[in-house]
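Below: one structure, written as structure tokens.
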Amino acid sequence: MIMSDEMNTLTLVFGENDEEECEVLVIFEVEDQEYIALEPLNEEIEDIYLYRYSEGENGEALLDEIETDEEYSMVVDAFEGLIDEEDEE
């Protein structure tokens with residue numbers, strides 16, 4: 001799991017002209033797969049985005065959609081557990 005006090009950001013690109021700058025909240029592992037939690041910097045959007053995460057040959061972030069409802073539920077549970085742990089500290 002990677003958590004940091006310094007803000008790291010990623011720009012998500014949706015379609016041709018739609019971009020969303022996001023803060024990387026955490027990178028965490030569930031069943032041998034890494035996932036990333038992103039929070040949009042646009043304060044009007046209150047969502048947290050969850051994606052599969054890996055790194056390319058040059059260290060660039062590679063994101064992939066979570067494919068099934070079962071996988072999504074498992075990732076949400078793990079992420080919420082991390083948030084609960086952080087709140088307890």
Side-chain angles (χ1 to χ4, degrees):
M1 172 178 59
I2 300 171
M3 295 183 90
S4 174
D5 289 335
E6 69 179 61
M7 183 169 30
N8 294 313
T9 62
L10 280 176
T11 301
L12 297 178
V13 179
F14 304 101
E16 291 183 25
N17 298 317
D18 192 15
E19 294 183 354
E20 186 69 48
E21 186 79 12
C22 297
E23 176 183 0
V24 176
L25 298 177
V26 63
I27 298 170
F28 58 102
E29 189 172 310
V30 178
E31 293 189 1
D32 297 324
Q33 171 66 54
E34 286 191 311
Y35 296 89
I36 189 168
L38 303 170
E39 182 175 30
L41 295 179
N42 179 345
E43 293 179 3
E44 295 176 10
I45 301 174
E46 296 181 11
D47 295 331
I48 301 293
Y49 300 139
L50 298 170
Y51 290 94
R52 288 181 177 179
Y53 174 82
S54 61
E55 290 185 2
E57 291 179 12
N58 297 321
E60 73 274 14
L62 302 175
L63 307 183
D64 196 16
E65 297 285 332
I66 295 173
E67 295 182 3
T68 66
D69 291 341
E70 180 181 289
E71 180 184 12
Y72 182 77
S73 293
M74 185 175 55
V75 172
V76 167
D77 288 345
F79 176 69
E80 288 176 346
L82 293 172
I83 298 302
D84 289 344
E85 287 176 15
E86 188 72 17
D87 287 344
E88 290 175 7
E89 291 179 6

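All values reported here derive from a predicted model rather than from experimental measurement.
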Fill in: I36 side chain near V26 side chain, heavy-atom distance below 4.5 Å
no
Worksheet item: Nearest heavy-atom pair of Q33 and Y53: which atoms, and what distance?
Response: NE2-O, 3.6 Å
Fill in: I27 CD1 to L38 CG distance, which is reported to the nearest 0.5 Å
8.5 Å
Discussion item. Checking D32 now: which residues fulfil side chain to side chain contact (heavy atoms under 4.5 Å, CB included) with it, not counting sequence neighbours?
Written reply: E29
Worksheet item: For T11, what residues pass the side chain to side chain donor-acceptor pair (under 3.5 Å) criterion, not counting sequence neighbours?
Response: E21
Item to complete: Would you please test T9 and V24 for side-chain contact (heavy atoms from CB on, under 4.5 Å) and show each step?
Response: CA-CA 5 Å; T9 62; V24 176; 6.0 Å; no
Practice prompt. Applying side chain to side chain contact (heavy atoms under 4.5 Å, CB included), name anything that partners E60, two or more places apart in sequence or on another chain.
Written response: N58, L62
Worksheet entry | For the student: nearest non-hydrogen atoms of P40 and C22, plus distance | CA-SG, 3.8 Å
Fill in: In one Ile/Leu/Val/Met/Phe/Trp/Tyr side-chain cluster, 4.5 Å: V13, L10
no
Fill in: Listed once per pair and sorted, the salt bridge (Lys or Arg N to Asp or Glu O under 4.0 Å) pairs that draw on residues 69-79, sequence neighbours left out
R52-E71
Response to the item:
Sorted by chain and residue number, the side chain to side chain contact (heavy atoms under 4.5 Å, CB included) partners of V30 (sequence neighbours excluded) come out as F28, Y35, M74, A78
Worksheet item: Can N42 and E20 be said to form a side-chain contact (heavy atoms from CB on, under 4.5 Å), step by step?
Response: CA-CA 8 Å; N42 179 345; E20 186 69 48; 3.4 Å; yes
Practice prompt. Measure the spacing between CG of L12 and CG of D18 and express it to the nearest 0.5 Å.
Written response: 10.0 Å
Item to complete: Can you measure from CG (L25) to CD1 (I48) and round to the nearest 0.5 angstrom?
Response: 5.0 Å
Item to complete: Please report the C-alpha distance between V76 and L50 in whole Å, then the side-chain angles of each, then the deciding distance to 0.1 Å, and finally whether the side-chain contact (heavy atoms from CB on, under 4.5 Å) criterion is met.
Response: CA-CA 8 Å; V76 167; L50 298 170; 3.7 Å; yes
